[in-house]
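What follows is a single structure, written as structure tokens, with notes after it.
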Amino acid sequence: MAQNYYQKEIETMPVEDLKKLQSEKIVKQVKHVYENVAYYRNLMDEKGVKPEDIQSIDDLHKLPFISKADLRDAYPYGLLAKPLNECVRIHSTSGTTGRRVVAFYTQNDVDLWEDCCARAIVAAGCDEKDVCQVAYGYGLFTGGAGLHGGSHKVGSLTLPMSSGNTDRQIQFMMDLNATLICCTPSYAAYIGETLKEQGYKPEDIPLKAGIFGAEPWTEEMRRGIEETLGIKAYDIYGLTETSGPGVAFECCEQTGMHVNEDHFYPEIIDPDTGEVLPEGEKGELVFTALDKEAFPLLRYRTRDICVLSRKKCSCGRTLIKMAKPMGRTDDMLIIRGVNVFPSQIETVLLNEGYQPNYQIVVGRVNNTDTFDVNVEMNPEQFTDIVSDVLAMEKSLANAMKTMLGINPTVHLVAPKSIARSEGKAVRVIDTRKLV
Ligand code: DLL
């Protein structure tokens, strides 16, 4: 398939030139962060690194890492590198406990982020003649805003649907001839199943491509979605901490995602030692934002396990490729596209007067994640009056919804009925085989 590019000069830049560009950017960026972010300046001082020690991208390894724990400690403004009056937007996602991650954007940050998403849309074979249905959630989540902005940049007609209300999604898709859909892969599969149930065949559906990400998905899922919707399904990766979707995107080869490495420099490290691993080795993915202004994280540990490859790509892009993430080094779950940490459930239980004896059960039915939480009652809470138990379950589910942003089904169970483990407690039973 012939490839178009959104920013050809960058996307096909010789690797040596790209490295020069990255080097120029990192020297400036480290100065910006050192001067404006006391939290990171302290980390650099502790490590004995000064901005002058970073003369090129090859010096990056001298810098300290940033992790989700730092984001929690510095919440909400501690990593902000620009005055608040120069920021125009926030987005947010769950943190490991009650504290969420809040990312800030200047207008320039939004602009560059939307360019990254535009690159993904053009790589999926779309342009200003296309109709782009954005069915990622809008709001604090980055999915809706990111692809929406990218679609505007490309000049496609944008349908800002947000997620959910599948009948309405289908009505707009069919009536307005949507040619591109952007949503989580599980929602794409669900929309596909619904279309099939309503009697539509792939050839009746106007879509030609989909851009799917925000959660792990397999090659089998890709094939299934491509068949039911009659489209090409492209992967897209990103995280709130680095701006959102568009850190990496798939091209027509569909064998991994090109990293927008003129903006986000990727490293793979050994998660235990922090040592940088050579290209092709599996480890934890680390990103450095080379030109973000408001929330510029340097060497951010994503906890995603991945492999990078600079093998020549038939699409003509020279940007390095990352494989589909192969798991995580922490216990974060992604349920219906939302990041969930067991520690958040624990925080809610303690706040609500329960003991942290619980089990999270995640599955998938009809391409939709199921999310159940079994919680032990304390002996003093225990009752066999059904209406009381139902009311307690409802109140606990509401508290969890407030913390997580998604609704679990809570089951209160008798004291001491959740099996105790001799070693690490088994907190999560996940029957979806996603990686
Ligand atoms: O999920 C941003 C996004 C929105 C990406 C829309 C793609 C499309 P967070 O909610 O902060 O941001 O979650 C980030 O999701 O560290 C990965 O573990 C996971 N993830 C994101 N994209 C993919 C993908 C958005 N394509 C976390 N495949 C990341 C597998 C993904 N996992």
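As the structure lists them, so they are numbered: ligands from 1, and atoms in each ligand from 1.
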Quick test: of every protein heavy atom, which one is nearest to atom 13 (O) of ligand 1, and how far off is it to 0.1 Å? N339 ND2, 3.1 Å
Heavy atom of the protein closest to atom 25 (C) of ligand 1 (residue, atom name, distance): G238 O, 3.5 Å
How about H91 and F141: are their ring centroids closer than 6.0 Å? no
Taking atom types as modelled and ignoring hydrogens, do the side chains of S163 and Y138 form a donor-acceptor contact shorter than 3.5 angstrom? no
So does R222 pair up with E250, basic N to acidic O under 4.0 Å? yes
For T93, which part has a heavy atom under 4.0 Å from ligand 1: side chain, backbone, both, or neither? side chain
Honestly, for V101 the part within reach of ligand 1 (heavy atoms, under 4.0 Å) is neither
protein heavy-atom neighbour closest to atom 15 (O) of ligand 1 works out as I334 CD1, 3.5 Å
For ligand 1, indicate whether the residue I236 contacts it via side chain, backbone, both or neither (heavy-atom separation under 4.0 Å). both
Identify, by atom number and element, the atoms of ligand 1 in contact range of T142, meaning under 4.0 Å from any of its heavy atoms. 2 (C)
Note the single closest protein heavy atom to atom 11 (O) of ligand 1, along with its residue, its atom name and the distance in Å. T240 OG1, 2.6 Å
Of all the non-hydrogen atoms in the protein, which one sits nearest to atom 7 (C) of ligand 1, and at what distance? A214 N, 3.2 Å
Heavy-atom distances under 4.0 Å decide this one: backbone, side chain, both or neither, for D304 against ligand 1? side chain
Please determine whether a side-chain nitrogen of the Lys or Arg among E253 and K312 lies less than 4.0 Å from a carboxylate oxygen of the Asp or Glu. no
Answer yes when K62 and D59 have at least one side-chain N-carboxylate O distance shorter than 4.0 Å, and no when they do not. yes
Would you mind telling me if ligand 1 is within reach of the side chain of V338, the backbone, both or neither, using heavy atoms under 4.0 Å? neither
Residue P216 vicinity, atoms of ligand 1 by number, heavy atom under 4.0 Å: 30 (C), 32 (N)
Part of E215 with heavy atoms under 4.0 Å of ligand 1, whether side chain, backbone, both or neither: backbone
State whether a side-chain donor-acceptor pair under 3.5 Å links D304 with Y237. yes
Tell me whether the NZ or CZ atom of R119 lies within the 45° cone about the ring axis of Y6 and under 6.0 Å from its centre. no
Walk me through whether Y358 and I360 qualify under side chain to side chain contact (heavy atoms under 4.5 Å, CB included). CA-CA 7 Å; Y358 66 98; I360 301 169; 4.0 Å; yes
